S.K.: 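First, the structure itself, so that you have it in front of you.
What you are looking at is a predicted structure, and each value in this text was computed from that prediction instead of being measured. Side-chain atoms are counted along with the backbone in the values below, which use heavy atoms only and exclude waters and symmetry mates.
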There are 2 protein chains.
Amino acid sequence: MIDARLITLRVFARCGTIGATAELTGYSPSAVSAQLRELQRMLGMQLLTKDGRGVRLTATGRFLVAGSDTLIAEWESLRAAAMEAGDQVQSHFGLGGFSTAAAQLLAPLAATLRSTRPLLEVQVLEANPARCFDLLVAERIDLAVIVAMQSDTYGEDDPRFEQTVLLDDPLDVIIPADHPLASRQTVTLEELASEPWITEAAGSTYHALFTAAFTAVGVTPRIAHEAVEWETQIAFVGAGLGVGLLPRLAPLHNAENVVRLRITGKGKPARRIVAAVRRGSIASPLIQESLGILQVRANRILAARPEDDL
Amino acid sequence: MIDARLITLRVFARCGTIGATAELTGYSPSAVSAQLRELQRMLGMQLLTKDGRGVRLTATGRFLVAGSDTLIAEWESLRAAAMEAGDQVQSHFGLGGFSTAAAQLLAPLAATLRSTRPLLEVQVLEANPARCFDLLVAERIDLAVIVAMQSDTYGEDDPRFEQTVLLDDPLDVIIPADHPLASRQTVTLEELASEPWITEAAGSTYHALFTAAFTAVGVTPRIAHEAVEWETQIAFVGAGLGVGLLPRLAPLHNAENVVRLRITGKGKPARRIVAAVRRGSIASPLIQESLGILQVRANRILAARPEDDL
DNA sequence: ATAACCGTGCACAATAGGTGCATGATCGAT
DNA sequence: ATCGATCATGCACCTATTGTGCACGGTTAT
């Protein structure tokens, strides 16, 4: 409803480059360039300036983007209210989330919606949290399940989004089965301070969680190896190369030589899993139903855990 | 910026028929029909229902239209603020107004703007007040100079518009030069109660003013003739067919056998001339400048009058 | 210097969106 | 009841907006 060109501008405000905007919106770079040029022409405003080999927003451009937050939210709110009031059905629904969430939360959600609303076209996009927010801005998806990051550029009070906490997913330790501590039920991070650790690449989504967990208990871990996928990390641990942190929701399957231990002590690291939608859209019946389904699913996961994990 | 389809829906909400909407927006009826169908498809809402040989808004449709008022205002406000902040220039500016206003107020405004902002494309549309509001909604014009009507469907608090009083234009009496009262300076409506009156067709813009003037003094005039143009009315009076009311701003030129008299007494009818813009757009530099020019012009007109007319 | 990157202009293609006319449906008047 | 007027809509056709792919020029880093 809001002109696509303005949406594109908003995405550009996030990305900073035409190319990235094109990739995110699904257009070609030429199209993005043309759209922004047309937007400036029709508004009679100069929104972009050359900056080195790229372009950047002018003050007017930043002003417009900032102000458009409430405009978008207002529209989402209006649409949601109209859907609510008219008891109407949506035809398309885009979901986004990271791998574990997609498997444990989004897949059941999509399945449920497919049965309760047969003529609703549900599309799931697997993407990391940062990209999920971008996809929300770009209106490629309508709801995202992501890991809340304290160091995230998207604060809880970002005027573009509304976030709902689904559950806290504690981090476990995985150690080789032949490790001296393998027979323990629980362990503290301090006890593992001197171990060689396996983590994800610095700058990745979960590396921040890893460091946060250790800074909380005042320990500086020695990072021996880096992996990208959980599976790889688990395999490394199984090979005796070190120990690692694994979210409770990430399945261990039947990995050889790997044991999973609960963490105790004051650290008790966890990742917070939240659902995010565009601000204003939260009143939509479909969003409400989806959040309900996710919440039920989350509660079921929590209920399946021993009581000491709350 | 707001999708043209929503604007069309808003116009339809005013008109009630596809044909009238087409006429007002400048589209063909087929295009309007297609637009509204597309709008419903893309929103997944049923906005229209068949009603006899026409269509009407559903509850959802009315809800959406009502809610869109603030959305439009928000956008206008944002655009105005961005123009203000960035000191940018607009490329097109649409003005609307009725004949007298167009001649006395809009023409000077357009001329001034043409000199102060050479590359601004100014377009003036002559239209009656009701149509001016429609044209504002349809975004065909950006500023209208109209006669405020108490019985108007557009109240001063309509969420779609913001109105600024420019001046009160008193109504004079015009009578044949050979009339017994022709030598008088002033006259009261009561003195003319028994005269045959010449007015505009019932339902026209100014007929309401006419009746309001007489109901204010408790007199029921006898309507002898009806005219459409001021010129015609003046000619009728000159021919001795009766007397009439003429706004001060409407020129008498050098009409034969017609005398213009001020009205005294508690009636003192006047028409209030106001400038109207879409809500939110009033902060725009161009609108601000235009309102200033109009106000100056209005004050000059007031200053040129004898002091007893204030 | 050279390579990599970024944005933009251009030729071309796809498609959204327009018009005009014919059609069907409804309502009012004769 | 018939006829004409009024309205919305579907269809064929056309226009022009809008997208793509590629080449090019400018800028930065190696």
Side-chain angles (χ1 to χ4, degrees), chain A residues 1-58 60-62 64-65 91-92 134 138-140 203, chain B residues 1-58 60-62 64-65 91-92 134 138-140 203:
Chain A
M1 182 52 43
I2 311 292
D3 194 302
R5 289 169 262 262
L6 184 59
I7 307 299
T8 303
L9 182 73
R10 288 165 57 79
V11 175
F12 174 83
R14 283 275 323 135
C15 305
T17 79
I18 301 280
T21 307
E23 191 278 329
L24 207 59
T25 54
Y27 290 118
S28 68
S30 317
V32 172
S33 180
Q35 278 193 13
L36 296 180
R37 181 153 25 94
E38 172 63 12
L39 181 66
Q40 295 180 87
R41 197 199 58 77
M42 71 188 289
L43 292 180
M45 304 181 194
Q46 188 176 349
L47 303 172
L48 302 174
T49 317
K50 282 186 198 274
D51 182 34
R53 57 184 162 187
V55 291
R56 64 176 162 78
L57 288 177
T58 64
T60 313
R62 280 191 299 275
L64 191 66
V65 168
S91 67
H92 185 267
D134 289 344
E139 305 200 345
R140 294 274 298 275
Chain B
M1 184 49 42
I2 309 294
D3 194 301
R5 289 170 263 262
L6 183 60
I7 306 299
T8 303
L9 182 73
R10 287 165 58 80
V11 175
F12 174 84
R14 283 276 324 133
C15 306
T17 79
I18 300 280
T21 307
E23 191 279 329
L24 207 59
T25 52
Y27 292 118
S28 68
S30 317
V32 172
S33 179
Q35 278 191 13
L36 296 179
R37 180 153 27 92
E38 172 63 13
L39 183 66
Q40 295 179 87
R41 196 198 58 77
M42 73 188 286
L43 292 180
M45 305 182 193
Q46 188 174 352
L47 303 172
L48 302 174
T49 319
K50 282 186 196 272
D51 181 35
R53 57 185 159 185
V55 292
R56 65 176 161 78
L57 288 176
T58 64
T60 312
R62 279 190 301 275
L64 191 65
V65 169
S91 67
H92 185 268
D134 288 344
E139 305 200 344
R140 294 274 298 275

S.K.: Do nucleotides 4-11 of chain D as a string where each nucleotide becomes B, S or -: B if the base has a protein heavy atom under 4.0 Å, S if just the sugar-phosphate does, - if no protein is that close.
M.R.: -BBBSBB-

S.K.: For the CZ atom of A:R140 and the OG1 atom of A:T25, what is their distance to the nearest 0.5 Å?
M.R.: 7.5 Å

S.K.: Starting at atom CG of A:L36, determine the distance to atom P of C:dT8, rounded to an integer number of angstrom.
M.R.: 8 Å

S.K.: For A:Q35 and A:T8, which I'm curious about, is there any donor-acceptor pair between the side chains at under 3.5 Å?
M.R.: yes

S.K.: Should B:I18 and B:L36 count as side-chain neighbours, where that means a heavy-atom distance under 4.5 Å?
M.R.: yes

S.K.: Please determine if a side-chain N or O atom of A:Y27 lies less than 4.0 Å away from the OP1 or OP2 oxygen of D:dT20.
M.R.: no

S.K.: Judged by each residue's nearest nucleotide on DNA chain D, which is more toward the 5′ side, A:A34 or A:D51?
M.R.: A:A34

S.K.: Check the distance between C:dA16's C1' and B:L39's CG and give it to me in whole angstrom.
M.R.: 15 Å

S.K.: Between B:F12 and B:V65, is there a side-chain heavy-atom distance shorter than 4.5 Å?
M.R.: no

S.K.: So which one's nearest nucleotide on DNA chain D is more toward 5', A:G52 or A:S28?
M.R.: A:S28

S.K.: Report yes if the side chains of A:L48 and A:L57 come closer than 4.5 Å at any heavy-atom pair, otherwise no.
M.R.: yes

S.K.: B:E38 near the nucleic acid: base, sugar-phosphate alone, or nothing, with a heavy-atom cut-off under 4.0 Å?
M.R.: nothing

S.K.: Give a yes/no answer on whether the side chain of B:Q35 brings an N or O atom under 4.0 Å of OP1 or OP2 in C:dG18.
M.R.: yes

S.K.: In this structure, how many angstroms lie between the C1' atom of C:dT15 and the CE atom of B:M42, rounded?
M.R.: 16 Å

S.K.: Counting the atoms with a prime plus P, OP1 and OP2 as sugar-phosphate, which does B:R5 contact under 4.0 Å by heavy atoms, base, sugar-phosphate, or nothing?
M.R.: sugar-phosphate

S.K.: Any donor and acceptor pair, going by atom type alone, linking the side chain of A:Q46 with main-chain N or O of A:T58 inside 3.5 Å?
M.R.: no

